[in-house]
Amino acid sequence: MFTGIIETAATIKRIERENENIHFTFSSSITHELKIDQSLAHDGVCLTVVAIDADTYTVTAIKETLEKTNLREWTEGTEVNLERAMKLGDRLDGHIVQGHVDQTGVCTQVEEAGGSWYFTFEYDPAAHNITIEKGSITVNGTSLTVVNSKENAFSVAIIPYTYEHTNFKHFKVGTTVNLEFDVVGKYVARLHALRK
């Protein structure tokens, strides 16, 4: 479990394909604190550390993960948001995040608003995921509040701290992002789909 409060960034140093799997090797300021078998959220995707070598560590993404996330678009040098799993007893500053991406979305608008930013994303409604106005959403692992919720789109407001300390600063129109919808929203969406 995660909170969606990004701890630091990790940069891809190497990408290796093995059959249908991809091994991603990262460098990060917290590599020295990691251990093998540890779960980390990379842009909101829960991946397990499988190797550590000096200041780099490696995780493996399987076909299922690659099909449902934006990992297949990652290249060497890509910077991703990184969060270690939460500890029991810690404050929950964001919201409950599972690290299981529901689907991807695409950035359709970036609007500067006097020191903050509004980012708008669209997603395929066929998966029956929904956002709720003022509810929670996870974009690339970042816990955010939904504004302007629509059937297949929503916006988020980004403060300067979040902009500078996450990969939102690299987003532009057309950027593909990982979306994990709020657990409550998923429940409501499933009920709605069943009633149709």
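Hydrophobic clustering, with ILVMFWY side chains joined whenever heavy atoms are under 4.5 angstrom apart, groups I15 together with Y57. In terms of hydrophobic clustering, with Ile, Leu, Val, Met, Phe, Trp and Tyr side chains grouped at heavy-atom distances under 4.5 Å, V101 and L40 are assigned to a common cluster. In the hydrophobic clustering of this structure, L47 groups with I30; members are Ile, Leu, Val, Met, Phe, Trp, Tyr whose side-chain heavy atoms approach within less than 4.5 Å, directly or through other members. In the hydrophobic cluster analysis, where Ile, Leu, Val, Met, Phe, Trp and Tyr join through side-chain heavy atoms closer than 4.5 angstrom, I137 is grouped apart from V147. A continuous path of Ile, Leu, Val, Met, Phe, Trp and Tyr side chains, each step under 4.5 Å between heavy atoms, connects F181 with V156, placing both in one hydrophobic cluster.
Ring geometry, H42 versus W74: the interplanar angle falls from 30° to 60°, so the pair is classed tilted. Note on ring orientation: taking the six-membered ring where Trp is involved, the planes of F26 and F24 are tilted (angle from 30° to 60°).
Annotation: side chain of L82 is not in contact with side chain of E7 (no heavy-atom distance under 4.5 Å). Side chains of I132 and V146 form no contact here, defined as non-hydrogen atoms less than 4.5 Å apart. Considering only heavy atoms from C-beta on, M86 stays 4.5 Å or farther from F2 through its side chain.
Residues F168 and Y163 place their aromatic rings such that the two centres sit no closer than 6.0 Å.
A distance of 13.0 Å separates CG in D102 from NE2 in H128, rounded to the nearest 0.5 Å. Put simply, CG on D43 and OG1 on T69 are 9.0 Å apart, with the number rounded to the nearest 0.5 Å. The distance from the CG atom of L34 to the CZ atom of R84 is 6.5 Å, given to the nearest 0.5 Å. In this structure, OG1 on T145 lies 7.5 Å from NZ on K134, to the nearest 0.5 angstrom. Within the model, atoms OG1 of T78 and CD1 of I12 stand 4.5 Å from one another, a figure rounded to the nearest 0.5 Å. Interatomic distance, L66 CG to E64 CD, rounded to the nearest 0.5 Å: 9.5 Å.
Side-chain N or O atoms of E180 include one that pairs as donor or acceptor with a backbone N or O of H100 at under 3.5 Å. Judged by distance alone, with hydrogens and angles left aside, the side-chain atoms of Q103 form a donor-acceptor pair with the main-chain N or O of D124 at under 3.5 Å. Side chain of S155 to main chain of N148: no donor-acceptor pair is present (N/O by atom type, distance under 3.5 Å, no hydrogens or angles). Between the E83 side chain and the T3 main chain, a donor and an acceptor come within less than 3.5 Å of each other.
With no hydrogens or angles considered, no side-chain donor-acceptor pair links S28 and T31 at under 3.5 Å. Looking at T58 and T25, their side chains do bring a donor and an acceptor atom within 3.5 Å of each other.
Heavy-atom contacts from other residues, nucleotides or ligands closer than 6.0 Å to NZ of K169 number more than 12. The environment of CD in E16 is crowded: more than 12 heavy-atom neighbours from other residues, nucleotides or ligands sit within 6.0 Å. Taking a 6.0 Å sphere around CD of E33, one finds it holds more than 12 heavy atoms contributed by other residues, nucleotides or ligands.
What you find for L179 and F154 is that their closest heavy atoms are CD2-CZ, 3.8 Å. In plain terms, the two heavy atoms of L71 and A61 that are nearest each other are CD2-CB, 3.8 Å. Closest approach of T11 to G77, counting heavy atoms only: CG2-O, 3.8 Å. The minimum heavy-atom distance between F119 and C107, with the atom names listed, is CD2-SG, 4.2 Å. Shown here for Y123 and A153, the closest heavy-atom pair between the two residues is CE2-N, 3.6 Å. The two residues E133 and S149 come nearest to each other via the heavy atoms OE1-N, 2.7 Å.
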Requested in this report: Begin with the C-alpha distance, continue with both residues' side-chain angles, and end with the deciding distance and a verdict on side chain to side chain contact (heavy atoms under 4.5 Å, CB included) for T65 and V45.
Outcome: CA-CA 8 Å; T65 303; V45 181; 3.6 Å; yes
Query - Steps toward side chain to side chain contact (heavy atoms under 4.5 Å, CB included) verdict (I158, F171) - result: CA-CA 12 Å; I158 301 297; F171 290 5; over 6 Å; no
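Each of N167, T8, N178 was checked for a side chain to side chain donor-acceptor pair (under 3.5 Å) with N81, and the lone residue meeting it is N167.
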